[in-house]
Amino acid sequence: MNTKGKPVTIADRHAAEALAEQILDPRRLFPLVVVTTPAGRTDPYVPAAELIDAISHRADVVAVTQQASNWLSTRLEELGRSDLNVYGGATRLYPTGALDADLAPIFTARTEADGIRVVANVSKRVGGTFTTSTPEPEAVPAPTPQLTESDAEIARLRQQAEGLAMELTAARQQIEGLSKELSTARQLASKTRKQQRTTELPMRLGRYFIDTSEDMHYRITTTWAEQIPAEQKVELPLAPFTFSGSFAASVEEVAGADPALRDKIARACVRVLTRQDRDAHRLGPEREDGASAWRSYVEQKAASARRLHYWAMPGGAIELARVVLHDDYRI
């Protein structure tokens, strides 16, 4: 990784995320030393080039800019190893093999003198030859002593637990993927059922009845029966409704015998009659019998969009008054 005594410097996001993967790679052959840059500086307090010379290529050294250390920390957190973060001018030594945070010491440096001492301490950890006239103790635990038989068993069990944790993570990801596939399959099945129901319905190629009032009454009740699920029909019944003397003529005027337009009008009527219309607004003053005039949409974002005018009666009944074009406010 290091060439001619110069450290690799990581400054972009892609390289920082790749470094996180390398830190966690149990197949890594050499220890890895990551030197970060503190806020307000363009280079670390720890002289990375001197660190390379001190450890005599016994470990790889990587310098990380302040921004790149943020990306590195974010990626480690995404991988579930926030305990291995390093940032803010600190230096961290990552040994080879499966990583335990307790075995990856952190060395802090707040001045250039601290940086020299970090070089000495890291060098001692990896068996280098660097010395300084004023060494200070590390702000980390002493090196781990030789493992006893019980310690070795603990280490083995810990590695086994880490392996099982990785398998559990993979299993959870597989379950999540299968859940998404199941959800997609259910949505597709629901869509297919709706299409089948639509195919099985009689084709509406014109009028069901010669009389427009009878035709629209049939379309409204049929639309309600088709659109409202059986378990919701008690909650969303059709309100009692009648047609004004001008309703049928207005349907003939704006929709003619077009079945698609008549079905749009029927759907608008069902929204009103089941109290699901959220876009209606008052149209004018009340009638002498206390009924209030309302205006709702039949179409949206269409040229000469059609509107539904109706009277809401004091007792809850609805009088469907007129279907008009957008600029027509007659009722």
Side-chain angles (χ1 to χ4, degrees), residues 1-2 7-8 10 12-36 55 57-64 67-108 118 121-122 124-127 138-189:
M1 177 178 289
N2 301 319
V8 172
I10 288 180
D12 65 85
R13 181 169 191 163
H14 177 75
E17 293 178 346
L19 177 59
E21 304 282 351
Q22 185 180 7
I23 289 172
L24 299 179
D25 189 352
R27 299 167 298 179
R28 183 161 39 81
L29 298 179
F30 296 97
L32 179 61
V33 182
V34 177
V35 181
T36 65
I55 62 179
H57 304 290
R58 290 180 173 84
D60 288 327
V61 178
V62 179
V64 182
Q67 179 61 63
S69 66
N70 293 335
W71 290 323
L72 172 63
S73 297
T74 299
R75 183 55 181 155
L76 286 171
E77 290 174 3
E78 291 174 350
L79 295 171
R81 294 307 306 268
S82 59
D83 57 332
L84 295 176
N85 280 343
V86 60
Y87 50 84
T91 296
R92 193 157 194 177
L93 170 61
Y94 300 96
T96 57
L99 284 180
D100 186 324
D102 294 336
L103 300 179
I106 298 176
F107 307 85
T108 59
V118 168
N121 289 329
V122 173
K124 287 190 297 182
R125 281 297 185 96
V126 298
E138 304 173 26
V140 293
T144 305
Q146 294 294 322
L147 294 178
T148 64
E149 184 176 348
S150 59
D151 290 334
E153 178 65 13
I154 291 173
R156 186 187 67 78
L157 292 174
R158 181 175 292 165
Q159 287 184 342
Q160 183 179 1
E162 290 175 352
L164 291 173
M166 293 177 64
E167 292 179 8
L168 177 59
T169 299
R172 285 174 173 169
Q173 292 175 346
Q174 184 179 10
I175 291 172
E176 182 179 354
L178 292 173
S179 297
K180 290 180 180 179
E181 291 180 9
L182 178 59
S183 176
T184 301
R186 285 175 172 170
Q187 292 175 0
L188 180 60

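Sequence positions, counted from 1, serve as the residue numbers for this chain.
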Exercise. With distance as the sole test, does Y94 use its side chain to make a donor-acceptor pair with the main-chain N or O of L84 at under 3.5 Å?
Worked result: yes
Exercise. Out of curiosity, E77 CD to N85 CG, how far, rounded to the nearest 0.5 Å?
Worked result: 5.0 Å
For this session: State the NZ-CD1 distance between K180 and I175, to the nearest 0.5 angstrom.
Result: 13.5 Å
Exercise. So, does R75 use its side chain to make a donor-acceptor pair with the main chain of A18 at under 3.5 Å?
Worked result: no
Exercise. Tell me, do L32 and V62 make a side-chain contact under 4.5 Å, heavy atoms counted?
Worked result: yes
Exercise. For F30, does its backbone N or O pair with a side-chain atom of R28 as donor and acceptor, under 3.5 Å?
Worked result: yes
Problem set entry | Sidechain N-carboxylate O distance under 4.0 Å for E176, R172 | no
For this session: List the steps, then state whether side-chain contact (heavy atoms from CB on, under 4.5 Å) holds for F107 with R125.
Result: CA-CA 11 Å; F107 307 85; R125 281 297 185 96; 4.2 Å; yes
Problem set entry | Stepwise side-chain contact (heavy atoms from CB on, under 4.5 Å) check, S69 with T36 | CA-CA 7 Å; S69 66; T36 65; 4.2 Å; yes
Exercise. At what distance, to the nearest 0.5 angstrom, does CG of L188 lie from OG1 of T184?
Worked result: 8.5 Å
For this session: Hey, could you give me the CG/CG distance between L79 and L24, rounded to the nearest 0.5 Å?
Result: 5.5 Å
Problem set entry | Side chains of L72 and V86 in contact at under 4.5 Å (non-hydrogen atoms) | yes
For this session: Taking the side chain as every heavy atom from C-beta outward, state whether V64 and V35 have any pair of such atoms under 4.5 Å apart.
Result: no
Problem set entry | Audit row: V34, T91, side-chain contact (heavy atoms from CB on, under 4.5 Å) steps and yes/no | CA-CA 6 Å; V34 177; T91 296; over 6 Å; no
For this session: Please name the pair of heavy atoms, one in A98 and one in P26, separated by the smallest distance, quoted to 0.1 Å.
Result: N-CB, 4.3 Å
Problem set entry | From CD (Q173) to CG (L178), nearest 0.5 Å | 12.0 Å
For this session: Give a yes or no on whether the backbone of P31 and the side-chain of R58 come within a donor-acceptor separation of less than 3.5 Å.
Result: no
Seminar exercise, completed: CG of L76 to CH2 of W71, rounded to nearest 0.5 Å, is 15.0 Å
For this session: Test side-chain contact (heavy atoms from CB on, under 4.5 Å) on V126 and L93 and set out the steps.
Result: CA-CA 9 Å; V126 298; L93 170 61; 4.0 Å; yes
Seminar exercise, completed: Minimal heavy-atom distance between D83 and R92, with the atoms involved, is O-NH1, 3.0 Å
